[in-house]
Number of protein chains: 2
Amino acid sequence: MTYEDRLFAALADPTRRAIFERVAGRRQSVAELARGMPVSQPAISQHLKVLKEARLVRDEPSGARRIYSIDPEGLGPLRAWLDRFWSDQLAAFKAVVETADDN
Amino acid sequence: MTYEDRLFAALADPTRRAIFERVAGRRQSVAELARGMPVSQPAISQHLKVLKEARLVRDEPSGARRIYSIDPEGLGPLRAWLDRFWSDQLAAFKAVVETADDN
DNA sequence: ACTTATAATAAGCCATGACTTATGAAGATA
DNA sequence: TATCTTCATAAGTCATGGCTTATTATAAGT
């Protein structure tokens, strides 16, 4: 499983994406996340593990708690991938599709 | 299942992403895709169906074949989502994380 | 008309993944 | 030390999803 695979897979689950968005909004602990979401604490921990392995979040101990925050560079590869299809190349391709019709 | 969910889910599978990338590179038929990939034709069709429902590809009949091409606007929502965490906001957040340490 | 090519769908199999409850480890607090 | 909180991991359940082969429909070519 490549790094890119892990990244896309991590973002695929809605609950996990919600966790990521919360963490991105404000760094917080596991219990705090669990309180605000309709799943158990272990579920949260499991999601955080996946997000961490995809380098989307970092964690830092703070006493008995563990504070999770966004990893600023984690979305870099996603943007890089996206940019391969966006902008000029895509616009050009779009034009080709609309005009030409060679079979 | 929301539209965003469908988009992320569609991109999560490596095989499906490979299909999308091929189609983005050059519009082609199902058989053509099947020939170049290590899965069966029905598998390709199933993936294309998911990609189409996520609005990532379009299809157009051409005789007995069906030509699939990229949908230029399909990646828009992904970029929109990404931009919510990128740039200014993320840079600012990164700075906060690195300087402050309020628990 | 018959055969071939193309592609979608149906049905079934199997691995993966998202969740649960139970438990244990590590720190904080009395 | 004893208790409470916090969090990760283990184990088990269940649904989903990606694949296969089989089949059908449609179009092309002979």
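So that the names make sense, note that chain A is the first sequence line, chain B the second, and so on, each numbered from 1.
- Rounding to whole angstrom units, CD of residue A:Glu60 and C1' of D:dC7 are separated by 16 Å.
- For the pair A:Arg27 and A:Glu60, the salt-bridge criterion is met [side-chain N within less than 4.0 Å of a carboxylate O].
- Each of D:dC19, C:dT21, C:dA7 was ranked by its minimum atom distance to the side chain of B:His47; first place goes to D:dC19.
- In terms of position along DNA chain D, the nucleotide closest to A:Val30 lies nearer the 5' end than the nucleotide closest to the other residue of the pair B:Ala43 and A:Val30.
- In this structure, A:Asp5 atom CG and D:dG18 atom P are separated by 13 Å, rounded to whole Å.
- In this structure, B:Asp59 does not pair ionically with B:Arg65, as no charged nitrogen and carboxylate oxygen lie closer than 4.0 Å.
- Residue A:Thr15 places at least one side-chain N or O under 4.0 Å from the OP1 or OP2 atom of C:dC19.
- The nearest heavy atom of DNA chain C to A:Gly63 and to B:Lys49 marks one nucleotide each, and the one closer to the 5' end goes with B:Lys49.
- Residue A:Arg16 has a polar side-chain atom (N or O) positioned under 4.0 Å from OP1 or OP2 of C:dA18.
- Between the CZ atom of B:Arg17 and the P atom of D:dG18 there is a distance of 12 Å, given to the nearest Å.
- Contact of A:Gln41 with D:dA8 (side chain to base): a donor-acceptor pair of N or O atoms is detected under 3.5 Å.
- Between A:Ser45 and the phosphate of D:dC7, there is no side-chain N or O to OP1/OP2 separation shorter than 4.0 Å.
- At D:dT6, none of the side-chain N or O atoms of A:Ser29 fall inside 4.0 Å of OP1 or OP2 (strictly under the cut-off).
- Regarding B:Glu32, its CD atom lies at a distance of 14 Å from the C1' atom of C:dA7, rounded to whole Å.
- Distances shown here put a side-chain N or O of A:Tyr68 below 4.0 Å from the OP1 or OP2 atom of D:dA8.
- Salt-bridge check for B:Arg22 with B:Glu32: failed, with every basic side-chain N at 4.0 Å or more from each acidic carboxylate O.
- Between D:dG18, D:dA11, C:dA8, one nucleotide has an atom nearer to the side chain of B:Arg66 than all others, and that is C:dA8.
- With rounding to the nearest 0.5 Å, the separation of CG in B:Leu78 from CH2 in A:Trp81 is 6.5 Å.
- In this structure, B:Gly74 and B:Leu7 approach most closely via the heavy-atom pair O-CD1, 3.9 Å.
- Residue B:Arg35 places its side chain closer to C:dT6 than to any other of C:dT6, C:dA11, C:dC19.
- Counting non-hydrogen atoms under 4.0 angstrom, B:Pro42 reaches a base of the nucleic acid.
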